[in-house]
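In what follows, every chain begins at residue 1, and chains take the letters A, B, ... in the order their sequences are listed. The structure displayed is predicted, hence computed values, not measured ones.
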There are 2 protein chains.
Amino acid sequence: MDLRHLRYFIAVAEEQNIGRAAARLHISQPPLTRQIQQLEEELGARLFLRTPRGVELTEAGELFLEEARNIRALVEQATERTQRAGQGRLGRLDVAIFGSAILDRIPKLLLAFRSRYPDVNVVLHTMTKVEQIEALRQRRISVGFNRMVAPGEDIAVDQVSTEDLLLAVPADHPLARHERIRFPDLKHHPMVLFPTGTRPSFIDKVVGLCNASGFQPQVSQEVGDAVTGVALVAGGFGVCLVPESATTLQLPGVIYRRLTDTPPGCFVDLCCIYRKGDKSPIVAAFRETVQACRSMHAAQAEASRQIGN
Amino acid sequence: MDLRHLRYFIAVAEEQNIGRAAARLHISQPPLTRQIQQLEEELGARLFLRTPRGVELTEAGELFLEEARNIRALVEQATERTQRAGQGRLGRLDVAIFGSAILDRIPKLLLAFRSRYPDVNVVLHTMTKVEQIEALRQRRISVGFNRMVAPGEDIAVDQVSTEDLLLAVPADHPLARHERIRFPDLKHHPMVLFPTGTRPSFIDKVVGLCNASGFQPQVSQEVGDAVTGVALVAGGFGVCLVPESATTLQLPGVIYRRLTDTPPGCFVDLCCIYRKGDKSPIVAAFRETVQACRSMHAAQAEASRQIGN
DNA sequence: GATGATAATACCTTCAGGGTATGGAGAGGC
DNA sequence: GCCTCTCCATACCCTGAAGGTATTATCATC
């Protein structure tokens, strides 16, 4: 049996007349007769009663008509769904984020992706950088977000954004009164650092910047993530260098100040990592969306700078 | 697309290797490669990633594999079900019976049919003879059971059984004391007749027999069916000629007596009626079962008569 | 019995599916 | 680093099945 047989059968059943069905199928009558005969022979059941006016379905034929329509619908659905899956418009995408990624552009990005690809089921997993890389290799995830990732042998990196580092200071802190805060000014003030855990990470970046400015930071506390860090700033534990995006987090008693005279490298990247050579169209679609968001954001930043000037 | 494509695709997906799949399908490798390429092109989606060791499914391929298996299962099911339907082993059979047919061999017959053809859904309808014929013509039913049906232009008749007529008498009735009851003895006793309604029917048979024996029956009451008739006998309304099968109905105060010296024609037929030229395999199967039951019953009757002698 | 409509049959043609031979690319061993 | 082995892909040929035309058979209707 063949899908053609089903198509022909359905046409004949609907027309109740082989000649008319043949016309509808754009073939001549004899081949259609033969196809129907073949189908009947293969099924071992008479599907039509031949009448002087045409044909009519037997009971077996009625049953087979239902089944044939089901099958055809399923084939169409399979075709359509597979096409969409092939274009990355249908399926599942496992994405890893890190703890305080919620403060970042990631939510907007995920929303943008969902609206472009509503039938891709995005599943979020919270993982540290090391876990993300491991999970990528084991194919438990296809995309990860993190900071400061170097491309590896089998891991590729797309940069999502670059953020300046701002200083979160308690409102009543001496530095809060300064007109301008320069990086070396941080020398004499206790700092909250984050994240604890896997190295190298953002914490190393901050320590490295301090060292480059000629001092060792006074660490008041190390915490797991930016949210806790800013909370400790509010509690008077000291100042804290945070990515600009953390300013989303407005806590009473905390103000964010941009530094002047920042040393080179006083910014932090957000990266999107994935398997090198991953040919998944969903991953490709996701990366496209990421880049689109990045361009859009860059354009907006440029525009606002223009206006600012 | 073609069912062959699905079969080939599933084989390749399962073997993860085109060459091995080709061997399994008993074709050579190049045509299989080409079929897979065609399928991919038609779907507009890559289904396999070519690896040095063979092939592996893409996400779209995984999805399509599920769908393909569904489709194949549905096709197999459709084939199998249609075959059974063509053999009369699957489907629906609308059967009409008359009011007191429950006393007859019909229940056993229906049970026999159900056990032979468990997937044929037998739907029972209670109808009078005229209604049955009308319903047959309108194709609302395919088989009817009734008594005394003459074959018509478009209605064919199979005889199911022949039953002697017995006399239901009240236990305290004068005739109950007779050693032998002959037909003319009924002359002086009021009789219950059934059924009322559509003529000609069983009632005419009884009246005709009385006339043939030279008397007009004294009708005490006409009722709709045998059950009511026997109930009236129990209530002392008189005697009642009933088909032998009615003896299934044992009411207190009623005894059944076989007549001696019965006139010719003192029996009644049970018939099975259906449309002439009905080619439904289910009807054919049903008629076969009816005839098988009839033969079996006749053989049993013969055997018991031998033993009786 | 003639006519018209419809399915079935006979026979021819074409093209898709299958075959063999071969090329090309990547992995793994020496 | 080269060779070899193992895949898949390509090239080209051949056969059979699907489709076409012409015709016949059948049945209902006038």
Side-chain angles (χ1 to χ4, degrees), chain A residues 1-43 45-58 60-61 64-65 68 137 153-154 275-279, chain B residues 1-43 45-58 60-61 64-65 68 137 153-154 275-279:
Chain A
M1 188 171 20
D2 199 337
L3 291 181
R4 179 184 35 247
H5 287 113
L6 298 186
R7 208 173 73 244
Y8 287 3
F9 168 75
I10 292 171
V12 174
E14 286 175 353
E15 297 290 344
Q16 302 199 304
N17 179 307
I18 298 186
R20 275 205 306 276
R24 180 172 129 185
L25 293 166
H26 306 298
I27 62 173
S28 63
Q29 169 260 318
L32 183 53
T33 292
R34 212 174 37 213
Q35 293 291 319
I36 296 295
Q37 287 171 338
Q38 279 179 12
L39 183 60
E40 288 182 323
E41 192 168 347
E42 186 176 341
L43 291 174
R46 211 148 180 73
L47 299 173
F48 294 104
L49 293 173
R50 275 64 171 177
T51 68
R53 291 216 196 94
V55 295
E56 68 181 33
L57 286 167
T58 61
F64 190 68
L65 178 58
R137 291 199 174 117
E153 193 181 329
D154 50 357
R275 280 183 296 278
K276 239 175 209 170
D278 189 336
K279 298 209 183 98
Chain B
M1 188 169 20
D2 199 336
L3 292 181
R4 178 184 35 247
H5 288 113
L6 298 186
R7 207 172 74 243
Y8 287 3
F9 168 75
I10 291 170
V12 173
E14 284 175 355
E15 296 290 343
Q16 302 199 304
N17 179 310
I18 297 186
R20 275 204 306 277
R24 181 172 129 185
L25 294 166
H26 306 298
I27 62 173
S28 63
Q29 169 259 318
L32 183 54
T33 293
R34 211 173 40 209
Q35 293 291 321
I36 296 294
Q37 287 171 337
Q38 279 178 11
L39 183 60
E40 289 182 324
E41 192 168 346
E42 187 176 341
L43 292 174
R46 210 147 181 75
L47 298 172
F48 293 105
L49 293 174
R50 276 65 170 175
T51 69
R53 291 216 198 95
V55 295
E56 68 181 33
L57 286 167
T58 60
F64 191 67
L65 178 58
R137 291 197 175 118
E153 194 182 329
D154 49 357
R275 279 183 296 278
K276 237 176 213 170
D278 189 335
K279 299 208 182 100

- Message: On the nucleotide D:dT21, are OP1 or OP2 found under 4.0 Å from the side-chain N or O atoms that A:Gln29 carries?
- Response: no

- Item | Rounded distance (Å) that lies between atom P of D:dG19 and atom CD1 of A:Ile36 | 11 Å

- Pairwise side-chain contact, A:Leu39 with A:Phe64, heavy-atom cut-off 4.5 Å (strictly under): yes

- Would you mind classifying the nucleic acid contact of A:Tyr8 as base, sugar-phosphate or nothing, using non-hydrogen atoms under 4.0 angstrom? sugar-phosphate

- Check whether any side-chain heavy atom of B:Lys279 sits under 4.5 Å from a side-chain heavy atom of A:Arg46, and report yes or no. no

- Message: Tell me whether B:Glu42 contacts the main-chain N or O of B:Met1 through its side chain, where contact means a donor paired with an acceptor under 3.5 Å.
- Response: yes

- Message: Tell me the interatomic distance from A:Leu25, atom CG, to D:dA18, atom C1', rounded to whole angstroms.
- Response: 13 Å

- Message: Checking side-chain hydrogen bond (donor to acceptor under 3.5 Å, both in side chains) between A:Gln35 and each of A:Arg7, A:Glu40, A:His5, which is the one that passes?
- Response: A:His5

- Query: How is B:Gln16 classified with respect to the nucleic acid when contacts are heavy atoms under 4.0 Å: base, sugar-phosphate, or nothing?
  - Reply: nothing

- Item | Toward the 5' end of DNA chain C, by each residue's nearest nucleotide, A:Asn17 or B:Pro52 | A:Asn17

- Taking the side chain as every heavy atom from C-beta outward, state whether A:Leu47 and A:Ile36 have any atom pair closer than 4.5 Å. no

- Rounded distance (nearest 0.5 Å) linking atom CZ of B:Arg4 with atom CG of B:Leu6: 10.5 Å

- Item | B:Thr58 and B:Phe48, any side-chain heavy atoms less than 4.5 Å apart | no

- Note on the structure: Picking from D:dA22, D:dT10, D:dG19, the nucleotide nearest the side-chain atoms of A:Pro30 would be D:dA22

- Task: Ignoring backbone atoms, establish whether B:Thr33 has a side-chain N or O less than 4.0 Å from OP1 or OP2 of D:dC8.
- Result: no

- Among the nucleotides D:dA9, D:dC12, D:dT21, which one has an atom lying closest to any side-chain atom of A:Ser28? D:dT21

- Item | Interatomic distance, B:Leu49 CG vs D:dC8 P [rounded to whole Å] | 13 Å

- Task: Just report the end-to-end axis angle for the helix from C:dG1-D:dC30 to C:dC30-D:dG1, five pairs per end, to 10 degrees.
- Result: 20°

- Item | Phosphate OP1/OP2 of D:dG19 contacted by A:Gln35 side-chain N/O (<4.0 Å) | yes

- Message: Categorize A:His5 for me: base, sugar-phosphate, or nothing, with a 4.0 angstrom heavy-atom threshold over every strand shown.
- Response: nothing

- Could you check B:Gln37 against A:Gln38 and say which one's nearest nucleotide on DNA chain D is further toward the 5' end? B:Gln37

- Student check: side-chain heavy atoms of A:Val55 and A:Ile18 closer than 4.5 Å: yes

- Which one, D:dT29, D:dC12, D:dA18, comes nearest to the side chain of A:Arg34? D:dA18

- Task: Under 4.0 Å from any heavy atom of chain B: name the first and the last nucleotide of DNA chain C that qualifies, 5' to 3'.
- Result: C:dG17 to C:dG28

- Spacing of CG belonging to A:Leu43 relative to CD belonging to A:Glu41, to within rounding of 0.5 Å: 10.5 Å

- Item | Between D:dA18 (P) and A:Leu6 (CG): distance, integer Å | 14 Å

- Query: Does B:Arg50 have a side-chain nitrogen or oxygen under 4.0 Å from the phosphate oxygens OP1 or OP2 of D:dA9?
  - Reply: yes

- How many angstroms lie between atom CD of B:Glu15 and atom CD1 of B:Ile10, to the nearest 0.5 angstrom? 12.5 Å

